[in-house]
Structure formats: structure tokens, C-alpha cells
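What follows is a short report on a single structure.
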Amino acid sequence: MQRIAIFASGNGTNAQRIIEHFQGNPKIQVTLLLSNNPDAFVLERAKNLHVPTIIFTRHDLYHSNHLLDILSVQGIDYLVLAGFLWLIPDYILDAYPSRIINIHPALLPKYGGKGMYGMRVHQSVIEAGDPESGITIHYVNANYDEGQIIFQEKCLIEPGDTAESLANKVHELEYRHYPEVIEEVMG
Ligand code: GAR
């Protein structure tokens, strides 16, 4: 059995799709969901799907071995970021080489970097007047949104699209592809 820990900071619609996708899979299991945000709705989603949750602080992540100890005791093989907003520190990158995956709601390398998440990304794409956007699934490295790209898919931006309508299109792509791409990477 290969085990995934999901890291998420917010609503958790992607986390939910990933958990549901692997339910009943004999080879891959979502074992744990970790969040830096005690108020994140993703915690409710995980509990409803019977996935144990852990809330951690900045100190836990950047100044202790607490998280790595948990990941190692739980036998976690892959870390999957789903709307997680903090940088992954070097000691975790070293412990999980090419085993940490993120999704970004735009076509990297455009619209990436610190502070570019969620609606801010879609707002920037709409303001720039781009004809298309999409999703990027990539390995995580020490910089925001710069790791090696694994998969991209595009969607068209039509006249009248807003940041909200673009977010809906991008979410659809995320739900359709993220669980499948994770499964392929782990296969
Ligand atoms: C997703 O669209 C994800 O791509 C994005 O946050 C959203 C989380 O939604 N991630 C980033 O912007 C990372 N830079 P969700 O909590 O409903 O899955």
C-alpha cells in the first residue's frame, strides 16, 4: 500500500475529490490530511470522509521535526498539496525527493509565485486579457510554483468570463485531472 498525506489550507474541494478517488483502492490510500489553518473547511470534508486530520503551526513546520516524525510513523510515501499556501521547507523536500506534488490554477510559468493563489490568479488572468488559462500539476521545489511540470490542461476564456466563471472552469479541470495524475505518478 502506498500512502498519501494531503496538505491543504482552505475549502478543500480538490482534497475531497482526491480522497474520494482513492477510496477502496487496494494500492493507494489517503492516510492523513494536514492543515495549517484550524478554521479550514477542508478539515470538515476530511472528517466526513473518515480521513484523520492534523493541524500544525508555523513552528511545527519550520522549526521542529514534529511533522516529519508524523509522516514517517504513518508510513507516508507522497505529499499532495491541494490549495496549500506555505512553502515546503528543505528538510521535507529532502525526505520526499520527487514525491511532493502541487496543483496551480493557471498555466505556469505564467501567474505563479508568492501570493498567487486562488482567486488572485484568476483575477490577474482576466485583467491581462489572456485567451486561455488552465491547470498545472508539478513537483514541488524550494520556490513557489517552480518545480518540474508533470501535466497541464487548458481552458478557453470567452467574452464575458469573470474571475469567478474562470475559477469554475479551472476547478472542473482540477477535479477531472488531479486525482488521475496523482495515480499515474504513483503507479
Ligand atoms: C485550487 O484552485 C488550487 O489550484 C489553488 O487553490 C485552490 C484550492 O481550492 N492552489 C493555488 O492557488 C496554489 N498556488 P480547494 O481548496 O477548493 O481545493
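Remember, it's 1-based here, ligands and their atoms both numbered in the order they're listed. All values below were derived from every heavy atom in this structure, side-chain atoms included, with hydrogens, water molecules and symmetry-related copies excluded.
Between the side chains of Thr57 and Asp60, at least one donor N or O sits under 3.5 Å from an acceptor N or O.
Numbered from 1 in the order shown, with element, the atoms of ligand 1 that lie under 4.0 Å from a heavy atom of Asn11 read 16 (O), 17 (O). Close approach to Pro105 involves these atoms of ligand 1, each under 4.0 Å from a residue heavy atom: 2 (O), 4 (O), 5 (C), 10 (N), 11 (C), 12 (O). Interface atoms of ligand 1 facing Met116, defined by a heavy-atom separation under 4.0 Å, are 14 (N).
The salt bridge (Lys or Arg N to Asp or Glu O under 4.0 Å) contacts involving residues 142-160 comprise Glu132-Lys154, Glu158-Lys169, where partners must be two or more places apart or lie in separate chains.
The aromatic rings of Phe84 and Phe7 lie perpendicular to each other, with more than 60° between the two planes, well past the 30° mark. His177 and Phe151 have tilted rings, their planes meeting at an angle from 30° to 60° on a 0 to 90° scale. In this pair, Tyr175 and His171 present their aromatic rings parallel. The plane angle is below 30°, not in the 30 to 60° band.
Atom 2 (O) of ligand 1 has Glu174 OE1, 2.9 Å as its closest protein atom, hydrogens excluded (heavy atom only). The single protein non-hydrogen atom nearest to atom 16 (O) of ligand 1 is Gly12 N, 2.7 Å, given as residue, atom name and distance. What sits closest to atom 17 (O) of ligand 1 on the protein, heavy atoms only, is Thr13 OG1, 2.5 Å. Here the heavy atom of the protein found nearest to atom 9 (O) of ligand 1 is His171 NE2, 3.6 Å. In terms of protein heavy-atom proximity, atom 8 (C) of ligand 1 is closest to Gly83 CA, 3.8 Å.
For the residue pair Arg3 and Gln74, the shortest heavy atom distance occurs at CD-O, 3.3 Å. Listed here is the closest heavy atom pair of Pro105 and Val121: O-CG1, 3.6 Å.
At a threshold of 4.5 Å between side-chain heavy atoms, the hydrophobic network of Ile, Leu, Val, Met, Phe, Trp and Tyr places Ile126 and Leu107 in two separate groups.
For Tyr117, no nitrogen or oxygen atom sits less than 3.5 Å from a nitrogen or oxygen atom of ligand 1, counting backbone and side chain alike. Geometrically, ligand 1 and Tyr175 share no nitrogen or oxygen pair separated by less than 3.5 Å.
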Item checked: Residue pair Lys47, Leu33: steps toward the side-chain contact (heavy atoms from CB on, under 4.5 Å) verdict -> CA-CA 9 Å; Lys47 280 173 198 155; Leu33 184 135; over 6 Å; no

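Distances from atom 13 (C) of ligand 1 to the heavy atoms of Ile137, Ile103, Leu173 put Ile103 nearest.
Assignment of Gln16 to the shell around ligand 1 is not supported, since no heavy atom sits closer than 4.0 Å. In this structure, Gly118 is part of the shell of residues with a heavy atom less than 4.0 angstrom from ligand 1.
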